[in-house]
Asker: 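This is the structure I want to talk about, given as structure tokens.
Quick note on labels: first sequence line is chain A, next is B, and so on, each numbered from 1. This one's a predicted model, so the numbers in the text were calculated from it and none came from an experiment.
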Amino acid sequence: MSRIKNKFQDLRSKKQKALITYIMTGFPSEKDTLSAVRGFVKGGADIIELGMPFSDPLADGPVIQNAGFQALQKGMNFSKFLALVKKIRKETDIPLVLMTYTNILYSHGYEKFISTVKRAGIDGLILPDMSINESKDFLLAAKKNKTDVIFLISPNTSSERIKKISSASSGFLYLVSVFGTTGGQQQFQNYTVQAIKNAKKILHGKIPLGVGFGVSNPDQARFIIKSGADAIIVGSAFLRLMESTPSEKIEQKIGQFTTSLKKATITE
Amino acid sequence: MKLGYPKNGKFGEFGGRYIPETLVPAVEELEEAYLKYKDDVDFKKELRYYLTQYAGRPTPLYLAENLTKFAGGAKIYLKREDLLHGGAHKINNTLGQGLLAKRMKKKRIIAETGAGQHGVATAMACSALGMNGEVYMGYKDTQRQKLNVFRMNLLGSKVHPVKEGTQTLKDAINEAIRDWITNVKTTYYLLGSAVGPHPYPVMVRDFQSVIGEEILVQMKKLEKKSPDSVVACVGGGSNAIGTFYPLIDEDTKMFGVEAGGEGIKSGHHSATLVGGSKGVLHGMLTYLLQDSEGQISETHSVSAGLDYPGVGPEHSYLKDAKRVKYDAVNDKEAVDAFLLLSRHEGIIPALESAHAIAYAIKIAKNMPKSESIVVTLSGRGDKDVEEVGRYLSKNVKNKK
């Protein structure tokens, strides 16, 4: 069984929901990424998403855009990413999900890329610009390498399409909570709650539902969990914290913030 | 070889829809509307009316005798898209999509622009059709094409300078897509080139095909046959695909001219089909300029309108099918052609179109006088006089 599936099963038995935390690798440095990951683990995160920077991240808001841009400027690349994943794997068994854009995989070749990251310790993949309609080769390569594929759905995705997308997904399904890019900080509107309820009804417990884009504090996390989500995904808020924290304090600060979010996922 | 309307949005392996899920309902709604109206009698009549009465179609096919003499070979005809309202072929597409957006009851229009020609054409269409336009433009481009920024403002559209990334066309497209994701219910994204997710490449091609259709009719009248060769510049490739598509089944050689910048070997260029590799950007699978890890490269061209690391997917298909030959012309050759056409014909071409002129002169020399070349003069060069001035003074300094 995959690390991700295992994790959700374990949480279910503990009556907990999942906290998924995101970090852009190489921002502001590889060393700081490692500190942040240690903070995540100590703070009680359940799954970690590792962003690999792409020059044209069209689903991302300013915070992740800027983090990716700076990481690239400082020379973040595929081999450094792999080295980082291997280092993390030596320290923890936490499920690791890679988030990047389709072209990064396409340019290496789906099969070659996925088999390489899988060997390094990646458990799942998220590509915000990969549509299921274009995913045949990508899915084949992921399946062959026993890597989970986490597709995204949106509040305007039709029920018919949610069925199709969820049956192609493994690990969990990612619901984009709002109309917009990552990192928005507005209050959630009713349509988000509706979208969560609708998706849950369609999924029928077959696959966990993670909700992200704009979840930035414990109150919002609690609200999303209360609406029915199986997992909350927090990214930009961590990057904002990284921006304002000196290197030597990153592990501690990230750890504290992680703990405050994790509490929101413990329902009993 | 003519692909017509590709049902799954694929030109061979190219094209498709690589987009965030939020946009899927939007492109499906767009496709549905386009299929409903593209052959609708009233829609076609209204578009024809605006193209004729507002934009100034048909455009002349002008025999450039002085240029022909200068080149000393085949006859060179110029398809005068520069004479259209706004000064470029872009209005063919913005009127078409504008009328479609109106039927879709979208009040807010967003667009991206490189040199500013598509932005101006969008602003004009919005103004004429009673809609609100907002245009994303790379900050670097707003600086080198100030005149067009001023024109867009005059025409009532808001210009958003984009300071992310390389601050050029590709970043303007990223930002327009982000806006679209955020305001997907109310907003129509009026893409300016034959790029992006399906159905944009096919829709923009169809709206621009009026260029090639007129060329065919005009050449049959003037030369009693279809042209022996056609030449058009390729950035995203909308004027080129509009020129080529109606002629694909004719016995016509076709040449797409990309921006060679400071030379292909220098790495500072925008010649995607000549020097690129396959990849995924802006919703499509196509040739791209990228590094070995899939990061999109910074491009360069003296002409802002060609400064783009991708290209329309149908061009990628036509390249691999070997139906069109794609080649590059560098900055210096383009500026020389800009000066040459101005002096010999009294026509100041857009720097984009000057690439096609430069290439046409090269091939005309090796063709018999009995043959003819049609060059699509996609736009006029008023917007470029400052840029050419800067280029010339820089290069004179370099020579000293």
Side-chain angles (χ1 to χ4, degrees), chain A residues 52-62 65-66 68-69 72 76-81 100-109 113 127-138 151-158 161-162 165 173-182 184 186 191 213, chain B residues 8-10 13 15-29 162-166 169-187 196-198 276-286 288-298 309-310:
Chain A
M52 192 168 139
F54 175 53
S55 53
D56 293 80
L58 50 76
D60 283 308
Q65 275 180 55
N66 175 52
F69 183 72
L72 284 175
M76 191 61 201
N77 60 28
F78 189 46
S79 65
K80 286 179 182 173
F81 178 85
T100 189
Y101 285 79
T102 302
N103 196 51
I104 298 291
L105 275 72
Y106 185 89
S107 73
H108 289 83
F113 185 96
L127 305 176
D129 63 340
M130 172 57 83
S131 158
I132 48 158
N133 307 59
E134 309 292 348
S135 66
K136 202 176 139 213
D137 296 345
F138 167 60
F151 278 105
L152 294 91
I153 58 170
S154 167
N156 60 355
T157 306
S158 69
R161 215 173 142 82
I162 292 177
I165 294 173
L173 185 66
Y174 192 138
L175 171 66
V176 173
S177 64
V178 291
F179 291 107
T181 49
T182 52
Q186 67 277 51
Y191 75 78
F213 279 44
Chain B
N8 51 0
K10 289 284 169 70
E13 67 180 296
R17 259 178 201 163
Y18 293 84
I19 47 174
E21 196 57 32
T22 309
L23 294 180
V24 168
V27 293
E28 284 177 350
E29 183 192 0
V162 176
K163 295 200 170 175
E164 276 75 32
T166 59
L169 179 57
K170 88 174 165 74
D171 310 286
I173 296 179
N174 289 341
E175 216 43 43
I177 292 176
R178 290 182 188 118
D179 180 318
W180 197 24
I181 292 172
T182 309
N183 303 295
V184 64
K185 281 183 204 155
T186 57
T187 299
H198 178 64
S277 54
K278 291 172 198 172
V280 174
L281 180 70
H282 295 150
M284 58 183 168
L285 176 58
T286 191
L288 299 175
L289 291 173
Q290 57 185 331
D291 68 16
S292 61
E293 301 212 337
Q295 305 292 350
I296 306 304
S297 306
E298 198 161 329

Asker: Is Asp60(A) in contact with chain B via its backbone, its side chain, both, or neither, using a 4.5 Å heavy-atom distance?
Answerer: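 Backbone only.
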Asker: Report the option among Leu23(B), Asn174(B), Thr166(B), Ile173(B) that has the most heavy-atom pairs separated by less than 4.5 Å from atoms of chain A.
Answerer: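 Of Leu23(B), Asn174(B), Thr166(B), Ile173(B), Asn174(B) has the most heavy-atom pairs under 4.5 Å with chain A.
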Asker: Does Glu164(B) CD have over 12 foreign heavy atoms under 6.0 Å away?
Answerer: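 Buried by this count: over 12 neighbours within 6.0 Å.
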Asker: Name the region of Leu105(A), side chain, backbone, both or neither, that has any atom closer than 4.5 Å to a heavy atom of chain B.
Answerer: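 For Leu105(A), there is no contact with chain B at all, as no heavy atom is under 4.5 Å.
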Asker: Could you check which of Ser158(A), Gly61(A), Pro62(A), Ser55(A) has the highest count of heavy-atom pairs closer than 4.5 Å to chain B?
Answerer: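 The answer is Ser55(A).
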Asker: Give the intermediate values and the outcome of side chain to side chain contact (heavy atoms under 4.5 Å, CB included) for residues Tyr106(A) and Lys278(B).
Answerer: CA-CA 9 Å; Tyr106(A) 185 89; Lys278(B) 291 172 198 172; 3.8 Å; yes
Asker: Mark yes or no for whether Gln295(B), through its side chain, and Pro53(A), through its backbone, hold a donor-acceptor pair below 3.5 Å.
Answerer: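 A pair under 3.5 Å: yes.
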Asker: Please look at Phe54(A) and chain B and tell me whether the side chain, the backbone, both or neither of the residue comes under 4.5 angstrom of a heavy atom of that chain.
Answerer: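 Both parts, backbone and side chain.
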Asker: Quick one: CZ on Arg178(B) to OG1 on Thr182(A), what's the gap to the nearest 0.5 Å?
Answerer: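 Those atoms lie 8.5 Å apart.
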Asker: Do any N or O atoms from the side chain of Asp129(A) and from the backbone of Tyr18(B) form a donor-acceptor pair under 3.5 angstrom?
Answerer: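 Judged by distance alone, no pair lies under 3.5 Å.
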Asker: Report yes if some heavy atom in the side chain of Met284(B) is under 4.5 Å from a heavy atom in the side chain of Glu134(A); otherwise report no.
Answerer: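 Of all side-chain heavy-atom pairs linking Glu134(A) with Met284(B), none is under 4.5 Å.
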Asker: Which atoms of Ser292(B) are under 4.5 Å from chain A, going by heavy atoms: the side chain, the backbone, both sets, or neither?
Answerer: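 Ser292(B) touches chain A through backbone heavy atoms alone.
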Asker: Do Glu293(B) and Asn77(A) have side chains that approach each other closer than 4.5 Å (heavy atoms only, starting at C-beta)?
Answerer: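 A side-chain contact under 4.5 Å exists here.
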Asker: Under 4.5 Å, counting heavy-atom pairs only, tell me which of Leu72(A), Ile153(A), Val178(A), Asn133(A) racks up the most with chain B.
Answerer: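 Option with the greatest count: Leu72(A).
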Asker: Identify which of Pro57(A), Pro155(A), Ala59(A), Ser135(A) forms the greatest number of heavy-atom pairs closer than 4.5 Å to chain B.
Answerer: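 Sorted descending by pairs with chain B, the first entry is Pro57(A).
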Asker: Leu285(B) versus chain A, heavy atoms under 4.5 Å apart: side chain, backbone, both or neither?
Answerer: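 Contact with chain A is through the side chain of Leu285(B) alone.
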Asker: To check you understand the geometry: which heavy-atom pair defines the closest contact between Ile19(B) and Ser131(A), and what is its length?
Answerer: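 Result for this residue pair: O-CB, 4.2 Å.
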Asker: Exactly one of Asn156(A), Thr157(A), Val176(A) should register a side chain to side chain contact (heavy atoms under 4.5 Å, CB included) with Glu21(B). Which one does?
Answerer: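 The side chain to side chain contact (heavy atoms under 4.5 Å, CB included) with Glu21(B) is passed solely by Thr157(A) among Asn156(A), Thr157(A), Val176(A).
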Asker: So, taking the atom named CD in Glu28(B) and the one named CZ in Arg161(A), what distance separates them when rounded to the nearest 0.5 Å?
Answerer: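 CZ of Arg161(A) is found 6.0 Å from CD of Glu28(B).
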Asker: What part of Ile296(B) gets within 4.5 angstrom of chain A, counting heavy atoms only: side chain, backbone, both, or neither?
Answerer: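 Ile296(B) touches chain A through backbone and side-chain heavy atoms alike.
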Asker: Tell me, for Lys10(B) versus chain A, whether the close heavy atoms (under 4.5 Å) come from the side chain, the backbone, both or neither.
Answerer: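 When you check distances to chain A, only side chain atoms of Lys10(B) fall under 4.5 Å.
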Asker: To the nearest 0.5 angstrom, please state how far the CG atom of Asp56(A) sits from the CG atom of Asp171(B).
Answerer: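 Asp56(A) CG to Asp171(B) CG: 6.5 Å, rounded to 0.5 Å.
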Asker: With heavy-atom distances below 4.5 Å as the criterion, would you say the side chains of Leu58(A) and Pro20(B) are in contact?
Answerer: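 Yes, at least one pair of side-chain atoms sits under 4.5 Å.
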